[in-house]
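Below is one structure, written out as structure tokens, with a few remarks after it.
When a ligand or atom number is given, it counts from 1 through the structure's own listing order.
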Amino acid sequence: MARSVVPPSGVKSFLFSFLFVLIAVVLTIAIKPFFSGRAPLVFFAIAVTLAAAYGGTVAGLFATALSIGAALLLFQDRVFSLVVAQSAYTLFAVLGIAIALVVGKLRQLNARLTATKDQLEGANRELKLANEKLAQQSDVLWHSNEELQRFAYGLAHDLHNPLRSIGALTDLLVARNAGRLDESSKECGRMISDGVKRMETMIRNLLDYAAAAGGGDDGEVVTESKSVVDRVLEDLRFAIETSGTIVKVGALPAVCVNEAHLVQVFSNLIGNAIKYRGALKPEVQISASDQGADWLFSVKDNGIGLDMQYAKDIFGMFKRLHNSSGYEGSGVGLALCKVVIQRNSGHIWVESQPGKGSTFFFTLPKPSAELRDTSRSFLTARP
Ligand code: ADP
């Protein structure tokens with residue numbers, strides 16, 4: 001609970017000053033015989049200090065005046081201030097005013113300090129509460145997200161077998177009744193088979209996405225991006241050769257990301273660069289540049305390009321721009337790339353112009369020198 005610093009009311013502080021001086025008078029009278037009948041002003045000095053500490057500068061000045069009045073009235077010239085006998089009243093007046101001012105100021109400062117401390121404590125408590133609430137909410141969100149991913153994964157997995165059966169049975173039905181079916185029925189059969197294949201691809205992509213989205217970052221792993229790109233180009237050899245694509249690969253570094261995940265990223269980006277080709281002979285350039293703590297990768301093509309107003313949308317799930325232009329796809333590839341890159345503390349974006357091609361950029365953290373050395377010795381030690 002916040003403490004509030006309420007200064008004592010004026011009347012109360014004056015009453016206390018009076019009380020302190022009264023006690024000083026009594027004590028001075030009591031001690032006088034020990035100083036050959038002369039009154040030391042030390043108790044009045046203490047009374048002024050107490051009055052200023054309790055009621056502030058004004059109360060301290062009031063106690064000083066009151067002390068001088070009382071001492072003049074009761075002890076006349078038979079006083080001494082501390083040890084000095086001469087000018088005792090003047091010395092005491094100066095001392096009393098100084099004490100009142102200094103202690104009063106100290107009291108003010110202390111009050112302000114306490115108030116600031118209370119405010120800080122209050123803000124701290126509110127921050128702590130907000131933090132706890134946020135942690136709870138993110139916990140709930142994390143769990144529901146995990147549930148959702150598990151549900152999507154299970155659903156996609158369960159759909160796989162019935163779909164495959166539909167496709168296989170349709171093909172069998174058409175093959176067995178080839179003699180009896182007319183052309184339009186056969187066409188229907190083919191359409192069912194194509195639809196099933198498309199759905200199977202979509203489900204496979206969804207399963208890949210769910211696997212990439214689950215868990216935290218890839219942790220302390222080092223992957224040579226050059227060997228990943230070589231592997232992807234090998235996988236895409238048929239598409240590259242049939243489309244006549246020229247692929248140029250620059251020097252590529254080692255990065256901190258799981259190898260299978262990096263394969264998915266390059267497969268989607270290079271695959272798209274070939275798929276969304278235009279009238280020109282397709283060309284794809286893959287390169288990397290040093291950005292300090294990160295490596296910046298780019299996959300550049302001379303394909304159909306896209307309108308930059310959709311540059312963010314295309315990284316969303318099932319977001320497709322060239323759906324009606326005969327380019328097949330599920331709209332999951334770039335969403336998967338985004339999830340992999342973001343999970344590994346990177347960013348991914350596109351720069352493009354319709355008809356002029358696109359460049360997809362992404363960043364990935366550099367492995368520490370220590371991690372690189374460990375992975376190198378592991379690789380050389382491998383049989
Ligand atoms: P898919 O290719 O299966 O449709 P993606 O998630 O890989 O799904 O891509 C989303 C959309 O972004 C694509 O449908 C396409 O419109 C656009 N796109 C992706 N890559 C390129 C590219 N290299 N050139 C032009 N458009 C692209």
Is any side-chain heavy atom of [X] closer than 4.5 Å to a side-chain heavy atom of [Y]?
{"X": "Phe315", "Y": "Val350", "value": "yes"}
{"X": "Asp290", "Y": "Trp295", "value": "yes"}
{"X": "Phe360", "Y": "Asn272", "value": "no"}
{"X": "Phe75", "Y": "Lys32", "value": "yes"}

Task: Distance-only N or O hit between ligand 1 and Gly331, under 3.5 Å - done: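 There is such a contact, yes.
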Task: Sub-3.5 Å N/O-N/O distance, Ser330 and ligand 1 - done: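 Looking only at distances, the answer is yes, because the N/O contact criterion of under 3.5 Å is met.
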Where ligand 1 meets [X] - atom numbers and elements under 4.0 angstrom, heavy-atom basis:
{"X": "Leu334", "value": "5 (P), 6 (O), 7 (O), 9 (O), 10 (C), 12 (O), 19 (C)"}
{"X": "Lys319", "value": "10 (C), 11 (C)"}
{"X": "Lys275", "value": "1 (P), 2 (O), 3 (O)"}
{"X": "Leu321", "value": "14 (O), 16 (O)"}

Open item on the list: Can you tell me if Asp301 contacts ligand 1 (heavy atom of the residue under 4.0 Å from the ligand)?
Closed with: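 For ligand 1, residue contact (heavy atoms, under 4.0 Å) with Asp301 is present.
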Open item on the list: Between the side chains of Lys197 and Glu200, is the shortest nitrogen-to-carboxylate-oxygen separation below 4.0 Å, so that they form an ion pair?
Closed with: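 Salt bridge between Glu200 and Lys197, a charged N being under 4.0 Å from a carboxylate O: no.
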One residue to check: [X]. Relative to ligand 1, which of side chain, backbone, both or neither has a non-hydrogen atom less than 4.0 Å away?
{"X": "Leu306", "answer": "side chain"}
{"X": "Glu328", "answer": "neither"}
{"X": "Phe360", "answer": "side chain"}

TODO: Take the angle between the ring planes of Tyr327 and Tyr276 and call it parallel below 30°, perpendicular above 60°, tilted in between.
DONE: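 Correct class here is tilted.
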TODO: Kindly assign one of parallel, tilted or perpendicular to the pair Phe361 and Trp349, based on the angle between their ring planes and the thresholds 30° and 60°.
DONE: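 If you compare the ring of Phe361 with that of Trp349, the planes turn out parallel.
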Open item on the list: Please compare Gly303, Ala273, Gly305 and report which has the shortest non-hydrogen distance to atom 25 (C) of ligand 1.
Closed with: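 Checking each option, the heavy atom nearest atom 25 (C) of ligand 1 is found in Gly305.
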Open item on the list: Considering Tyr276, Tyr310, Tyr327 one by one, which has a heavy atom nearer to atom 18 (N) of ligand 1 than any of the others?
Closed with: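 Looking at heavy atoms only, Tyr276 sits closest to atom 18 (N) of ligand 1.
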Task: Donor-acceptor pair between Asn177 and Arg180 side chains, under 3.5 angstrom - done: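 Side-chain D/A pair, Asn177 to Arg180: present.
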